[in-house]
Every structure is written in C-alpha cells, then in structure tokens.
Amino acid sequence: MNQTRQQLVRTLREVDNKSYPAYKQLKGSYDMTDFTLIIEHVQGDPFASPSMLRVEVPTAKAAFPKELYDTDEKKTALEDRLLRLFSREIKKYSFQAKGSGKSGFMGAVIPGPEILKRTGCEISGNGTVLVRFEVGFPANGRRIQSRELEKMLIQFLPEVVLHTLYYDKTKEQQFRQVAELAEDQEFIRRELKKRKLVAFVANGAILPRESGISSRPMKNAVAFESPKSLEITLQLPNKGEVRGMGIPRGITMIVGGGFHGKSTLLKALEVGVYNHIAGDGREYVITDDTAVKLRAEDGRSIQKVDISMFINNLPNGKDTSCFSTADASGSTSQAANVVEAMEAGSSLFLVDEDTSATNFMIRDELMQKVVHRDMEPITPFSLRVRQLYETAHISTILVAGSSGSYFYQADLIIQMKEYCPEDITEMAKKAAMEFATPGQEEKAPKLSLPDFSRPRIWLRKPDVRDRVKMKVMGRDSISINKETIDLRYVEQLVDTGQLAGLANIVWYIRTHFLSENMSMTEAVNQTEELLKTFGFEKVCVGKVPGNLTIPRRQEIFACLNRWR
C-alpha cells in the first residue's frame, strides 16, 4: 500500500542528521497526488552509486492519446521522446541541493540519436508512464541532510514530472511528429522487403558526423544525392514523397579514393539498422535490420564454431568443423564472425576492406600460381560471396579502395566522389573484362552450410549461491564476476545501455539454459520472447535499473560468442 506525501515528509524529518544508513527507511511507494514515487534502492553512503527511483504517472494524468503508441515502433519512439524530455529537465535541478560526494545529483539516461527500447521510460498498454532515474541522497560527511532531499523530492521532482510526462502540459505537435516519423521509418523497412532492397538512403541525408567522437551531423556537409539509375520514390504515409538510393539485394561494392566518403556511407548503413531521431541527418537511412558489420578481430576467443566453409586442411590436422581457439588470427576470426552472423539470422553483411584480413578476403592470381591451392587452407571470401547470396540468400555490401577482385562478383558498383555516389557498374565491368580475371584458375569449392546445433557446454554453469557482479566499461567491454567480454569490435553497439542489457541477458542464459544443453539459437529465442513480453523484469539481476537497453539478437549472439 502506498504511503502519503505527508508520511514521506515526516520520515525525512525524522532521519535528519542521523547516520547515513537511516535513509534505508525511505524505501517504498508514495502517493504524490498526481503520480506515484517509488524509492527502490537507497545507496549505502553519499559516495556510492546514486539511489534508484522511479515515477509512475497514471493514464488519466498522463493522458497520451492511444494513437501515439498503438504500434511497437510508435510506442518505442514516444518512450524515447519522453525520456529525452525528462532527462533534459531533471538535469536543470542536479546538484542544486548540496552535500558530500554525489549529494544532490538528479539524473536519468540521456539517449544518443538512435531510438532504442530502454528501461529508462516505459509506457504500459493502458497508457501509464513509468520513468526510472537516479538521485544522490544528500549528506554532510556521512550525516543525513534530509531537508535537502525534501527539496529535491517534494519541490523539484513534481516540477520535472509536470513539464515532461503530462500530455496537456507539453507541446502536442512534437509528439505527433515523433509518431509520424516512427510510422514512416517502419513503412520504409517494410518497403525494403517488398522491393527486394537491403538499404535506402534518402536524398538530402547528412551522413558525415561532426567528429570521430561525436554523433552530431557535420555542419555544412555535402547532402546525399542518389545516382539516377538507383533512385527510387517512396510515398510515405506522413511525409509523403521521398526519393533516394535503393540498394538491391546481391553483392554491392562501394569504391573510390581515400577521404571521398566510402566508409562514411558504410557507417551510416551500419547504424541504419536502428531508427534515428529527427534532425540527426540519417532519419531516412534505413538498412535491413538483420545486417551485421564484419571485420577481422585478432586475439578473440572462438569456441566450437564450424568455419570449414572458409578454412580447411590445417597442417596440424585440427578439425575446423568444430573449431576452438583462445587467440584467433585475423582470417580465422573473420571466418568465425561470418558464420556466427549467419547463425544469428543476418541476411546482409557489411564489410570494409580496411578492417578485414587480406588473406581472408582475396588470393590474387600470382599468389595462386606460386602457392598451389592444395597448400592453402583458406578459401577466401571472394570465392564464397556469390555462393552465400545464391545459396543462403545473404547479400553483401563491401567497401574497397585498393583491390578490384570483387568487381567480377559484384552486381552493383558505386563510386564515391567527394561524398557523392555514382553508379559505375557498367564502366567497371567493362574495364575488368580487359584484364585477366583474378582467381580465374581457382574455382570456389562446393559450399556446405555450417552446422549451428552446438550447445554452449564449455561455459561453467554458476553455483546458485554465486553472487554476480557486473560492470560496463563504456562501449568496449563488460565484466561479469571478473570475466571480461571484449565487445569493442562489435561495431553496431552504439549505446552503453546495450552493453548493460547484454550483461544481464547473457547471465540469464548462462544460469537458466546451460543445464538443458540446448543450442545457442534456442536459448536466444526463448530469452528474446521473455524480453518481448516482460521487458527486463524476468531477465534482470535484481531490480531493473533505468540504464538498460534491449539489444538486437545479433549482438546477443556476438556477446555469447566472445565469452571466454
């Protein structure tokens, strides 16, 4: 049963100037008249991680029209918008209350330009709005300063809630625009499938970013303009007519000189698996949402992966149909990355020559003559890329700046020239015919698709008495009970919340499914179903914090595959 606002004030005054642990008495739910405040976790001292709180605004008070959240994509977009508003507003009050350590801190997750499913804000089916945030409970040394906390919870917080979570107190038009953009983005995703495309880049899109450490669009950047041969017109339900470049299924090369925008285009396609907010410049850059960026990853762990389609007949006789190593080479790691992406259900590979292992990608004609095929255990990607499309229906978009080997395999060749794309397929194919075909003496071996039935039997099932300690190191790695999972080369992770979510998800899989000896695919499928139905409520270790983001299944697989 909820306590009253007056009871909260009374308890606050009772604990004033007491030792810090007395704050624990505040845990519970409070009826603040227009919303409910829940104090879920109280920090141990003023220097510890801030306390975890949440507010719940009932349907009648929030009063957001159902049509703003009646589909999954619109609901996620509205939650994202409300979290942005709440985070911006509460930040104004942070540290206005004084004290030691984190005293006076008030904050919630600040999202990047991607619209992701986060625990920071959730809207229930009936329209109740929930927002999770953190507060540093004030103290002087380790003596409670509850008058300062009273100011934060009784004065500041209601103002934040009033101006961000009530429909009639905010700008009605912005929510309509958020819903309409989400609807248009989902429409484009459906059109990709209908038109047999893997990506769409709208004319006028701004692809370059402000800097290597900024996700903001670059000022005065060259706006994207599709080649006429690739231009398609989409009639969006809200924005209306939008023109842009449609990239068809198959094998696409992106070529051009250095610094002309090849990797910039590929990067935009990488993050095009997510929807973006208005003003980002890439809100109408939409990619097949199963796409995976592939690269070499020297030193990564590989466990029981069937890489025989790329690597066979090793000199030491090692079996590559169930391959394991604690320290993979560039070619071996990239081979494993391809197979694991297939296992995760990807139908589009994104590859940049700059971050690939050369011996995995190509074997030129001279090398074929010097080193006979029987002496080379690697079947390069150039010999498999066409087979992968024709047999497994997996398309590839490849950035190449130095090797023309893929000209012979490509269905489409785009040249980037000063950030402007040109369709040079016909010219490039004609030029290629004037040269002896690289690899013409070497034929691709028959493709046998990998076996994905492997169970994760090498991971020790933890004792039920084990305590779990999780730590997120930016976007580079996560640590679970001092076991580090290196994710720095999983390049489509764009948010630390995704890593925090992954830590909880892979721990859940490890503790619930290993004893059943099920395949990784079955374990991920069941976990995804729980996330879809309950969010992190069933999967999270302990109370659900406000900093978790639901990752794609491709990143869940990637995380499991890198757990040593």
Side-chain angles (χ1 to χ4, degrees), residues 2-57 82-111 119-121 129-165 469-472 496-497 500 542-548:
N2 291 345
Q3 299 180 66
T4 64
R5 180 176 178 277
Q6 289 72 26
Q7 286 173 305
L8 173 59
V9 172
R10 187 160 58 245
T11 305
L12 281 167
R13 292 179 180 177
E14 286 172 359
V15 300
D16 192 34
N17 210 37
K18 290 186 177 180
S19 181
Y20 204 87
Y23 264 141
K24 299 284 184 184
Q25 297 175 40
L26 296 176
K27 282 182 69 174
S29 300
Y30 300 91
D31 183 352
M32 307 293 282
T33 308
D34 292 329
F35 63 93
T36 301
L37 169 66
I38 298 98
I39 300 174
E40 293 196 300
H41 168 75
V42 176
Q43 63 203 90
D45 65 67
F47 300 93
S49 296
S51 302
M52 291 166 49
L53 287 73
R54 74 175 195 264
V55 294
E56 294 180 3
V57 182
L82 291 175
L83 182 57
R84 290 173 194 276
L85 292 173
F86 187 91
S87 301
R88 188 173 63 200
E89 191 68 19
I90 201 170
K91 187 178 180 181
K92 297 175 184 176
Y93 296 96
S94 192
F95 294 113
Q96 286 197 23
K98 306 301 180 183
S100 310
K102 295 183 174 66
S103 295
F105 171 79
M106 298 182 80
V109 167
I110 301 173
T119 55
C121 179
V129 177
L130 178 155
V131 174
R132 295 182 173 94
F133 60 104
E134 293 183 327
V135 171
F137 284 11
N140 184 8
R142 284 179 169 79
R143 287 282 166 187
I144 287 173
Q145 298 291 297
S146 65
R147 294 284 181 167
E148 293 294 291
L149 183 57
E150 182 179 333
K151 185 165 59 174
M152 296 165 75
L153 299 183
I154 305 301
Q155 182 182 334
F156 299 162
L157 183 60
E159 284 295 308
V160 174
V161 173
L162 176 69
H163 291 108
T164 60
L165 304 182
K469 186 172 182 180
M470 298 176 179
K471 188 176 179 182
V472 175
T496 57
K543 296 284 187 184
V544 178
N547 67 335
L548 303 183

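Basis for what follows: all heavy atoms, side chains included, without hydrogens, waters or symmetry-related copies.
- Within the 4.5 Å cutoff, side-chain heavy atoms of R88 are placed close to those of L85.
- Using a 4.5 Å heavy-atom cutoff, the side chains of V135 and L149 are in contact.
- Smallest separation of non-hydrogen atoms from S51 and V42: OG-CA, 3.6 Å.
- With a 4.5 Å cut-off on side-chain heavy atoms, L26 and L8 count as touching.
- Contact annotation: the side chain of I39 approaches that of F137 to within less than 4.5 Å [non-hydrogen atoms, C-beta and beyond].
- Rounding to the nearest 0.5 Å gives a distance of 10.5 Å between CZ of R132 and CG of N547.
- Closest non-hydrogen pair, E148 versus A97, comes out as OE1-CA, 3.2 Å.
- Here CD1 of I154 is found 8.5 Å from CD of Q6. Values are rounded to the nearest 0.5 Å.
- Closest approach of T119 to P545, counting heavy atoms only: OG1-O, 2.7 Å.
- For the pair E150/Q155, no side-chain contact is recorded, criterion being any heavy-atom separation below 4.5 Å from C-beta on.
- Summarising the geometry, atom NE2 belonging to H41 is positioned 11.0 Å from atom NZ belonging to K543; distances are rounded to the nearest 0.5 Å.
- Contact of the F47 side chain with the R142 side chain is registered, since non-hydrogen atoms from C-beta on lie closer than 4.5 Å.
- When every heavy atom of S100 is checked against every heavy atom of S103, the shortest pair comes out as O-OG, 2.5 Å.
- A distance of 8.5 Å separates CZ in F95 from NZ in K102, rounded to the nearest 0.5 Å.
- Heavy atoms from other residues, nucleotides or ligands lying under 6.0 Å from NZ of K471 number 12 at most.
- For the side chain to side chain contact (heavy atoms under 4.5 Å, CB included) criterion with V161, the lone passing option out of I90, V131, V55 is V55.
- Identified under the salt bridge (charged side-chain N to carboxylate O under 4.0 Å, His left out) test for residues 42-57, with sequence neighbours left out: E40-R54, R54-E56.
- A heavy-atom distance below 4.5 Å is found between the side chains of K151 and F156.
- Annotation for Y30 and Q25: closest pair OH-O, 4.2 Å, computed over non-hydrogen atoms.
- Nearest heavy atom pair, residue S94 against residue M106, reads OG-N, 3.1 Å.
- The side-chain heavy atoms of L12 and R147, taken from C-beta on, include no pair separated by under 4.5 Å.
- Within the 3.5 Å criterion, the main-chain N or O of V15 finds no donor-acceptor partner in the side chain of Y23.
- Taking CD from Q145 and CG from D16, the interatomic distance works out to 6.5 Å, rounded to the nearest 0.5 Å.
- Put simply, CG on L157 and CZ on F133 are 4.5 Å apart, with the number rounded to the nearest 0.5 Å.
- A donor-acceptor contact shorter than 3.5 Å is absent between the side chain of K18 and the backbone of I144.
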